[in-house]
Colleague: 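So that we are looking at the same thing, I have put the structure below in structure tokens.
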2 protein chains.
Amino acid sequence: MSNIQNRLEAVKQQLSPEQEYQNAVDPIRSMNEERAKAAFDIRSLTYLLDGGEKNTFLKEKIMQELERDPLFKMDDIFDLTTSEVRERTMAKFRSMLHHLQNEPVDQFKKRMEIVSLVDPGFWTRFGVHYGLFVGALQSNATPGQLGYWFERGALSLNNFVGCFAMTELGHGSNVPGLETTATFDEASDQFIIHTPTLTATKWWIGGAAHSATHAAVFAQLIVKEKRYGTKCFVVPLRDPKTYNLLPGINIGDIGKKMGRDGIDNGWIQFTHVRIPRGYMLQKHTKVSRTGQVKEPKLQQLTYGALLQGRVTMVADSGHVSKKALSIAIRYAAVRRQFAPSGANGIETKLLDYPIHQRRLMPLLAQTFAMLFTGTEMTEMYNSMMARLDGAREGDQDLDEVMEMLKETHSTSAGLKAFCTWNCLSTIEACRQSCGGHGYSAYTGLASMYQDFAVQCTWEGDNTILTLQLGRYLISSYREALNGKKLSPGVGYLNNLNKLIGKRCNAKTLEDVLDLDTISEGWQVVCAHVVKNAATEFEECLKRGLNADDAYEQCSQARLYAAKLHSFSYLFNRFADAVKKTTGSLHTILRKICLLYGLYTIEENAGAFLQFEYFTPAQIEFVRASVNNLCKEVREQAIPLVDSFNLTDYIINSPLGRKDGNVYVHYFEQVKRSNPQSEHPYFDRLIKPLIQRSTEENDYEEELAGLEDDDEDEE
Amino acid sequence: MSNIQNRLEAVKQQLSPEQEYQNAVDPIRSMNEERAKAAFDIRSLTYLLDGGEKNTFLKEKIMQELERDPLFKMDDIFDLTTSEVRERTMAKFRSMLHHLQNEPVDQFKKRMEIVSLVDPGFWTRFGVHYGLFVGALQSNATPGQLGYWFERGALSLNNFVGCFAMTELGHGSNVPGLETTATFDEASDQFIIHTPTLTATKWWIGGAAHSATHAAVFAQLIVKEKRYGTKCFVVPLRDPKTYNLLPGINIGDIGKKMGRDGIDNGWIQFTHVRIPRGYMLQKHTKVSRTGQVKEPKLQQLTYGALLQGRVTMVADSGHVSKKALSIAIRYAAVRRQFAPSGANGIETKLLDYPIHQRRLMPLLAQTFAMLFTGTEMTEMYNSMMARLDGAREGDQDLDEVMEMLKETHSTSAGLKAFCTWNCLSTIEACRQSCGGHGYSAYTGLASMYQDFAVQCTWEGDNTILTLQLGRYLISSYREALNGKKLSPGVGYLNNLNKLIGKRCNAKTLEDVLDLDTISEGWQVVCAHVVKNAATEFEECLKRGLNADDAYEQCSQARLYAAKLHSFSYLFNRFADAVKKTTGSLHTILRKICLLYGLYTIEENAGAFLQFEYFTPAQIEFVRASVNNLCKEVREQAIPLVDSFNLTDYIINSPLGRKDGNVYVHYFEQVKRSNPQSEHPYFDRLIKPLIQRSTEENDYEEELAGLEDDDEDEE
């Protein structure tokens, strides 16, 4: 035995210092070290995040199918031109259609969730037809109309691709202000769809440039010279046999965008285009043969479906953050930079730097908060919609349903805004944390930013959405003062007496490290900022402003209240979820939740100090605790990222490789994407530049025959 | 007369309501309204910002020259492929070279400043040779060596283009950790340049892929098996007659990036490449024929030149912010959305919404702060360099010069970091403030973000730079305690007794609206956070950590101190500049400076409350005052943007049109960039998809001959 040991020792000694060094810094080994630290069952956390084992298996099945689908090849996407991306995106329709028609709708929804992580441009382009166009039919068509369009191929894509023509060059947020007109012509029983001005040009219409045969057009209904507001009309755009534009239709390509170039956004101008009266979708407002217009009493009942998109975006912000953090954290686990003295030149992992932990760990915690809140938000939406779908005018519980609708609307508005902002900042922070390599297209974070950025604008501009929540908070506050019992999300406003002026009653500094204390702290500051916003609003009313103007004047206070309310909401949903867990999973999740709570308090320290919930000493302790928690969560960072369970194919970044072998794969990717070739323009551009005659002198003094007699004059 | 008036009246009455509406919302008219509000002389502000009338005229001359130079056509840049951008970028070399050789260096610097706004990719590619390569020669070559390389064409681009090969795949921030070796071979009197590992591959080397004949290579000097650290060597890469790679050189293209695709970044691997001993640049370290190495005593004297880049980036952050805000603010002056009741449908300008003022006016104020600070920073750098260039070992004033170097180094590190971060956030905020149109490539803000993002990483990763400043603040604090008189920028640390614990002595809330009070407040919070960081550092030392580890452990405190110090610095430089102005210029600039000061206090309210400089009531008043100041500055927003004096060509965005005619030009740009054409892939992709047989059913139950007898069994 000792002989063998000696020989092993000898072999070991034969390693050159260089080889020993290479072993020590080997990225695969570095990654394995991290993975071995797992203090909880990774698989259990995956099941929890996915909503159960069954969902995890389903996701894994879908990830494998996508990876093996040649149309979904993604590692060469970074170098495609806009036209190439457009074509490839269209080509993916066929396999997606296959799944749509052959699997249960819930399964297909999971597929789309994963597709949105793989190829957000395709997700949108496909969603334009099945989400927006078909959704517009379902929300606005009578049952008969729905049947008609489905028979015409709207569901099966049979000689039919739809698009959704709402926004115009001059109008985005203000839908009632759209300029396109739909004038009823009683003589022919037709509507005339018309674009009266340049700014009325339909703009940003996904699918219009190259895909759509029909559009759901939002236009001002005009009957007998009276305007009835914006309604929805189906307008044929192209001959499905040839894709030639129909008479009166003018369409162009919107062209290059910041991201999502796979979507063929277009502009549309209608010039006196005639459609049958029946092409107006008349589930709500009806126009009869003789031009009698019948409007619905409960317009609000139609708003529910519009919330779907923003509800989904809360969870999506969590999913995209998972992807970004998988890259940044895995890279930080193997990237080494600077060797401390006495380390034999072995450099330190980025993840071991306190400042790097500070950059990434709070964002990891925030991601968990968004994921748990996304699940909660989806449930809230589904139960609201279940009630709303059955609701009819005159129902006894209509008020209650309307309250649910209002709460879901406002909560989702705020969360959509702050979660998409959070996610966009997370992507950029992850990108910057990868140093120079974050600027390479092939490491994936640049395009992730460019693709995601639009989420802050569409489905409601974020700033405007925060103001909607702010308005709801003010009106809830006023209702609470009048004794009304509020919905759960704003229930704390029923406890104003207890909350206003309340200070943290932690006896020791350590008592601050408690989920319930943090939760109370958030309720207190939220109560204060909502109260301040409401007071500012009341003062505007007293100064004689009408309600709308008063709301505008206190918009900054509304935004601030909405921000703190949404952060509080995220923390509380996270804490709720943590409380349902046990064992080692509970231990790690509680730690992450604590980090999230304290980090957001630190970020909003001004509010916690201004309303004196915490003392300066407590805030200083919060800062120190965030440092400590970052260090603790860092120990589990790789197991946590592993629990996100995204395959290398989905992550599509060599820096985010599960095996840690980042440099080899990054170099391979760069070489594969940029094969060495003949110099593309040496003869044409460089040679004439650098091999020009040295005698050349642009401003050579030459008199060109002129006899200059300056000398004589002097 | 009255007859004519009557007729005019009649004509006026003939305007249809539609025409009257169109007049009221006409963007050109809206812009003119704003311009007419100017309460100061726009031209005088331009002169002030440019540093004098002469500079303004020079800039205007250069802007016109660029606009008329066909190679600098920029309005089609958004749709070029990476290879097309690369070629066009190379083509621009010739006209730039012409100017470089025929105009005074100061004038050429102004030209480059403007070029960096027009085409940042070209600016970098050109700068790689003249800034980085020639700069490396100037910093590291002996006079004789400099003469040699200039004679060989390094200055005139005569059979010569240089690149700067510092970073490697595995090392960016840690330059002393670079792996490339330069081993002296005494027998041949040559160095052998070698890439020993994959991670030693030179990476991100601008100009390497297609431009450079020579590289300034940073490699580990090894003589007689001893390592002497990273030195600089000139290594020929290509035959300048053919551009074929030289033996032992392997170069590839790094390919697609987030932005600046005009730069041909490449990777380089050296395989035992031999160069003469004289190709090592030996201004500082010298290697003799017999392998004697002589190292310099005062290495620091060589650092000055490295600061140039980051000093420039402070002002650049201001310049790029000017461009972004010109677009966002001009668009907000003509874009209308939502009509209040009683406005006859005339919608409100975005700029009139308090929340929109809140989004843009503080950023406008911050831009002024960065511009004035940039000027100051450049002067500080120049006077430091003037002293440093003449400095020799043994000089009596060497300590003083070293102090200047340290201060310039640390101050520029912090300002580079926070100003580039500020600018990047400003671009994104401007982009989002344009709503959906901000996502179009043609409105210019997307590419501005993508091009600028790299500034947060190169010339020193921002986070690392903030830590350098943090370290300087801690050591300055300790020196101050020991009675040393500090440099002006950190002079407040000599007044710790007065500052620590000081509260604002404003008698009324209104007294807070004072530049000196704000300045004092910043000094107080800075003194506190620096003290806290230093205390944390001391505690780490007491726990037995060495200084380096102790600095790592308190890195979050360092970053926080650096942040507040830099914001304070920006405010104070702005306030200094304001105090030098008079009249109506003073009135508006003082207002903007007040807004900047109060806005940054609001953003950092936690610190001002924690250290009890302001009371909660004062902070509440600060918030309200920011609202009011945003409203006041908004009144002058267009004249202020006009004072930036960027032409439509430079701004290169239809939304930023000076005449306000945004929709017409935006539509024209989109149409010009995307001419209507035959459908690119209908026959190939769409027709087979939507005209497939309706009988098709992927999972049609078909037994294929199998006789299934389930029925019998049941």
Side-chain angles (χ1 to χ4, degrees), chain A residues 78-79 81 87 90-91 93-94 98 102 157-159 169 172-174 198-199 204 243 252-258 337-338 354-355 358 432 435-436 439-441 446 454 456-457 461 463 552 555-556 605-606 609-610 616 619 627 663 670-671 673-674 676 679 681-682 685 689-690 694 698-699, chain B residues 78-79 81 87 90-91 93-94 98 102 157-159 169 172-174 198-199 204 243 252-258 337-338 354-355 358 432 435-436 439-441 446 454 456-457 461 463 552 555-556 605-606 609-610 616 619 627 663 670-671 673-674 676 679 681-682 685 689-690 694 698-699:
Chain A
F78 310 107
D79 278 296
T81 64
E87 284 207 31
M90 190 69 222
F93 259 70
R94 184 169 266 274
H98 164 83
N102 292 294
L157 285 192
N158 201 335
N159 283 307
L169 179 56
S173 298
N174 181 13
L198 171 62
T199 48
W204 282 121
Y243 263 47
D253 188 344
I254 293 270
K256 186 88 186 113
K257 300 185 292 288
M258 187 177 197
Q337 206 78 174
F338 296 108
I355 202 70
R358 265 285 190 163
Q432 288 190 28
Y439 202 63
S440 164
V454 71
C456 300
T457 305
D461 173 84
T463 302
E552 286 309 335
S555 55
Q556 180 62 21
L609 288 164
Q610 187 180 342
I619 285 290
N627 287 344
Y663 295 116
V670 167
K671 281 199 294 187
S673 302
N674 302 279
Q676 285 164 303
H679 197 296
Y681 47 79
F682 171 66
L685 293 176
L689 177 73
I690 71 168
T694 44
D698 292 316
Y699 287 153
Chain B
F78 310 107
D79 278 296
T81 64
E87 283 206 31
M90 189 69 222
F93 259 69
R94 183 170 269 273
H98 164 83
N102 292 294
L157 283 192
N158 200 334
N159 283 305
L169 180 55
S173 298
N174 181 12
L198 171 62
T199 48
W204 281 124
Y243 264 47
D253 188 344
I254 293 269
K256 186 87 184 117
K257 300 184 292 289
M258 186 176 198
Q337 205 78 177
F338 296 107
I355 202 69
R358 265 284 190 163
Q432 289 190 27
Y439 203 63
S440 164
V454 72
C456 300
T457 305
D461 172 83
T463 301
E552 286 309 335
S555 54
Q556 179 63 20
L609 288 164
Q610 188 181 342
I619 286 290
N627 287 344
Y663 296 116
V670 167
K671 281 199 293 186
S673 303
N674 302 279
Q676 284 164 303
H679 196 295
Y681 48 79
F682 171 67
L685 292 175
L689 177 75
I690 72 169
T694 44
D698 291 316
Y699 287 151

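The structure presented is a predicted model; accordingly, all values stated were derived computationally and were not measured. Throughout, a chain's letter reflects where its sequence line sits, starting with A, and its residues are numbered from 1.
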Colleague: At what distance, to the nearest 0.5 angstrom, does OG of A:S440 lie from CE of B:M258?
Modeller: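 Answer for the OG-CE pair, A:S440 versus B:M258, is 11.5 Å.
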Colleague: Which answer fits B:K671, side chain, backbone, both or neither, if we ask what part of it has an atom under 4.5 Å from a heavy atom of chain A?
Modeller: side chain
Colleague: Heavy atoms only, distances under 4.5 angstrom: which of A:A441, A:G606, A:G435 has the most pairs with chain B? Name it, please.
Modeller: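 Between A:A441, A:G606, A:G435, the count favours A:A441.
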Colleague: With under 30° as parallel and over 60° as perpendicular, where do the rings of A:F682 and B:Y243 fit, or are they tilted in between?
Modeller: parallel
Colleague: Roughly how far, to the nearest 0.5 Å, is CG of A:L169 from OH of B:Y663?
Modeller: 6.0 Å
Colleague: Looking at A:N674 and B:I254, what are the two nearest heavy atoms and their distance?
Modeller: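 So the minimum-distance heavy-atom pair works out to ND2-O, 3.7 Å.
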Colleague: How far does OG of A:S173 sit from CD of B:Q337, to the nearest 0.5 angstrom?
Modeller: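 Here the rounded value is 5.5 Å.
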Colleague: Sort out for me which of B:I619, B:D79, B:T81, B:L198 touches chain A most, counting heavy-atom pairs under 4.5 Å.
Modeller: B:L198
Colleague: Please state whether the side chain, the backbone, both or neither of B:D253 comes within less than 4.5 Å of a heavy atom of chain A.
Modeller: both
Colleague: Heavy-atom pairs under 4.5 Å with chain A are the metric here; pick the option from B:Q556, B:M90, B:Q676 that has the most.
Modeller: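 Among the listed options, the one with the most contacts to chain A is B:Q556.
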Colleague: Side chain, backbone, both or neither: which part of A:S555 has a non-hydrogen atom closer than 4.5 Å to chain B?
Modeller: both
Colleague: Which one of A:N174, A:L609, A:V670, A:N159 has the most heavy-atom pairs closer than 4.5 Å to chain B?
Modeller: A:N174
Colleague: Side chain to side chain contact (heavy atoms under 4.5 Å, CB included) with B:E87: which residues, sequence neighbours excluded?
Modeller: A:Y681, A:R684, A:L685
Colleague: With respect to chain A, which residue among B:G252, B:A605, B:P354 yields the maximal number of heavy-atom pairs within a distance under 4.5 Å?
Modeller: B:P354
Colleague: Between A:K256, A:Q432, A:E552, which shows the greatest number of heavy-atom pairs under 4.5 Å with chain B?
Modeller: A:K256
Colleague: Between chain A and each of B:L157, B:D461, B:N627, count heavy-atom pairs under 4.5 Å; write down the option with the most.
Modeller: B:L157
